[in-house]
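Index from 1, following the sequence.
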Amino acid sequence: MRLSENVRQIEPSGTIAIAALCRELRAKGRDVIDLGVGEPDFRTPDFIAEAGIASIQQGMTQYTPVPGIAPLREAIAKHITTTVGKPADAAGVVVTSGAKQALFNACFTLFGPGDEVLIPAPYWTSYPALVRLARAQPKILETTSEQGFKVSVAALEAAWSPSVRGLIINSPSNPTGAVYTRDELAAIAAWAARRDVWIISDEIYMRICFNAARATSLLDVIDSLDRAVIIDGASKAYAMTGWRLGYSYTSKPLAEQFSTVQSQITSGASSPAQYAATAAYKDAARADGAVRAMASVFSKRRDKVLEHFREHAPEIYCFPPDGAFYVFIRIDNYFSPLVPDSAAFCHWLLENTDVALVPGSAFGADQYARISIAAPNAALEEAVRRMGTALRGVEVRV
C-alpha cells in the first residue's frame with residue numbers, strides 16, 4: 001500500500017497499544033493488572049455528569065460554535081484569571097476534542113517544513129508525532145534523573161539554531177511526574193523570548209501536584225501571550241477523559257487561526273461535554289474540592305508505591321514524582337540479548353506476571369518504564385509484588 005508522506009513516520013500511540021493488549025489478554029481470562037492506563041480511576045464528579053445529562057435531556061445536542069460555547073469559554077477564562085491572578089480573555093480560548101486536538105491545532109498552525117521544535121525527553125508519546133504531522137522536525141533533548149528530568153536553559157541554548165521555531169514543555173510531566181519550579185519556567189520563558197521561540201506549555205496535570213496546590217503555570221511567569229500557547233482541559237483534573245474536552249489559551253489572533261484549522265477537522269467539541277465542563281469551571285468550589293481529594297489520593301498512592309518497591313523490588317530505581325499520577329522506573333539493568341529494550345521487557349513482564357506497564361521507548365527514554373498509579377492500592381501492591389518475585393531470578397546487569 002502506498003501511503004502519503006504525511007503518515008509514513010507516524011506510529012501508533014504506545015500507551016493505546018498497551019491498553020489494547022490488556023483487553024485482549026483479559027478476554028482470554030488472564031488476571032491482568034493494567035498499570036499502563038493514563039486516566040484517573042475516579043468517576044466524573046456527579047454535578048458535572050448531571051450537567052451533561054441535563055443538556056441532552058433539554059435537547060442541547062446541536063452543533064456548537066467551533067471555538068466552543070460562550071459560557072464555557074467565559075468560565076475557562078474566569079478560571080484562568082482566578083488561578084494565576086491575571087486577567088484572561090475568553091476570546092483567546094479555543095475548546096477542543098481533548099487536549100491532543102489543542103496540541104495538534106498549535107503544532108499545525110505554528111510549524112511547517114524546515115522548522116525544528118525542541119522536545120525534552122522523556123516526553124509525552126504524541127509530541128513528536130504531532131510535530132511530524134505538521135511536516136516539521138522534532139529535535140529531542142535528553143534529560144536525566146539527576147537533572148530531575150527537566151531541561152536547562154544551557155541545553156536549550158546548545159540545541160538552538162535559526163531553524164528552531166518552537167519548544168514543548170510539560171509540567172507536571174507525563175511520564176516522569178517532574179514539575180518545573182517558578183524560577184526554572186521563568187528562565188526558560190526568558191530564553192524563548194530572547195530567541196524568538198514559541199512555547200507550547202502542556203499543563204493538563206497542573207492541578208495534580210503533590211508539593212503545592214498546583215504546579216506553576218507558564219502564565220505565572222510571562223506578561224504576554226505573543227509567543228505562547230497554554231494547553232489544558234477537563235480530562236485529568238475532573239476525571240473526564242472519555243468526555244474529550246480540552247482547550248488552548250493564547251492571543252486572540254492566534255486563537256482565531258486555531259479555530260479556522262479546527263473548523264476543517266473536528267469542528268466543535270461534543271456539545272454535552274461542553275455543558276458538563278461549563279458546570280465544572282463555573283462551580284469552582286465543588287470542582288476544586290473534588291480535584292484536591294483526587295490529588296490527595298494520588299499523593300498517598302505515590303508514597304505507597306515507592307514503599308512497595310523498597311520492600312518487594314529494592315533493586316529497581318524509582319524516580320519520585322512531584323505531580324501527575326505516574327512513577328517512572330529504571331529497568332535497563334534487566335536487559336539481555338533476549339530482552340534487549342523496554343518494549344521487550346514490558347512484553348516479558350506482561351507474559352510472566354500479568355502486569356502491564358508502558359515501555360520507556362514510547363517516551364523517548366528506553367531505559368525506563370512508566371507505571372500508572374491510577375489503580376487501587378491493593379492492585380498496586382500486588383503488581384509490585386509480582387514484579388519483584390519475577391525479577392528476583394533474573395540476572396542483573398551491572
* To do: Ignoring hydrogens and angles, state whether a donor on the side chain of Thr241 or Glu39 is under 3.5 Å from an acceptor on the partner side chain.
  => yes
* Asked: Just by distance, with hydrogens left out, do Ser270 and Trp243 show a side-chain donor and acceptor under 3.5 Å apart?
  -> no
* With Tyr326 as reference, evaluate Phe298, Tyr205, Phe319, Phe210 under the ring-ring contact (aromatic ring centres under 6.0 Å, His included) test and give the passing residue. => Tyr205
* Is the NZ or CZ atom of Arg286 positioned over Phe47's six-membered ring, under 6.0 angstrom from the centre and within 45° of the axis? -> yes
* Considering only NZ, NE, NH1 and NH2 on the basic side and carboxylate oxygens on the acidic side, decide whether Glu24 and Lys28 come within less than 4.0 Å. => yes
* Worked check of side chain to side chain donor-acceptor pair (under 3.5 Å) between Asp183 and Thr181 -> CA-CA 5 Å; Asp183 287 346; Thr181 68; 5.5 Å; no
* Derivation of the side-chain contact (heavy atoms from CB on, under 4.5 Å) call for Leu350 and Val32 -> CA-CA 8 Å; Leu350 186 55; Val32 174; 4.2 Å; yes
* Do Arg386 and Asn352 get their side chains close enough for a donor-acceptor pair, meaning under 3.5 Å? -> no
* With a cut-off of under 6.0 Å to the ring centre and 45° to the axis, is Arg165 in cation-pi contact with Phe111? -> no
* Tell me yes or no: between the side chains of Ser217 and Glu203, is some donor less than 3.5 Å from an acceptor? => yes
* Asked: So, Lys100 and Asp202, do they make that salt bridge, N to O below 4.0 Å?
  -> no
* Is any side-chain N of the basic residue among Arg195 and Glu157 closer than 4.0 Å to the acidic one's carboxylate O? -> yes
* To do: Go through Ile48 and Tyr275 one step at a time and tell me if the side-chain contact (heavy atoms from CB on, under 4.5 Å) criterion holds.
  => CA-CA 9 Å; Ile48 298 174; Tyr275 287 106; over 6 Å; no
* Donor + acceptor pair across side chains of Tyr334, Glu315 (<3.5 Å) -> yes
* Asked: Do the non-hydrogen side-chain atoms of Leu141 and Ile119 ever get within less than 4.5 Å of each other?
  -> no
* Salt-bridge test for Arg301 and Asp41: reply yes if a basic N is under 4.0 Å from a carboxylate O, no otherwise. => yes
* Tyr368 and Tyr317: side-chain donor and acceptor closer than 3.5 Å? -> no
* Asked: Is the closest side-chain donor-acceptor distance between Gln262 and Ser267 under 3.5 Å?
  -> no
* Exam field: side chain Ser55 to backbone Gly52, donor-acceptor pair closer than 3.5 Å -> yes
* Determine the sole option in Asp232, Asp322, Asp220, Asp288 for which the salt bridge (charged side-chain N to carboxylate O under 4.0 Å, His left out) test with Arg214 is passed. => Asp220
* Side-chain donor-acceptor pair present, Tyr281, Arg73, cut-off under 3.5 Å -> no
* **Phe363 ring center near Tyr123 ring center (under 6.0 Å)** => no
* To do: For the residue pair Thr260 and Ser263, confirm or rule out a side-chain donor-acceptor distance under 3.5 Å.
  => no
* Asked: Would one find more than 12 heavy atoms of other residues, nucleotides or ligands at under 6.0 Å from atom NZ of Lys252?
  -> no
* Lys/Arg N to Asp/Glu carboxylate O, Glu381 vs Lys304, below 4.0 Å -> no
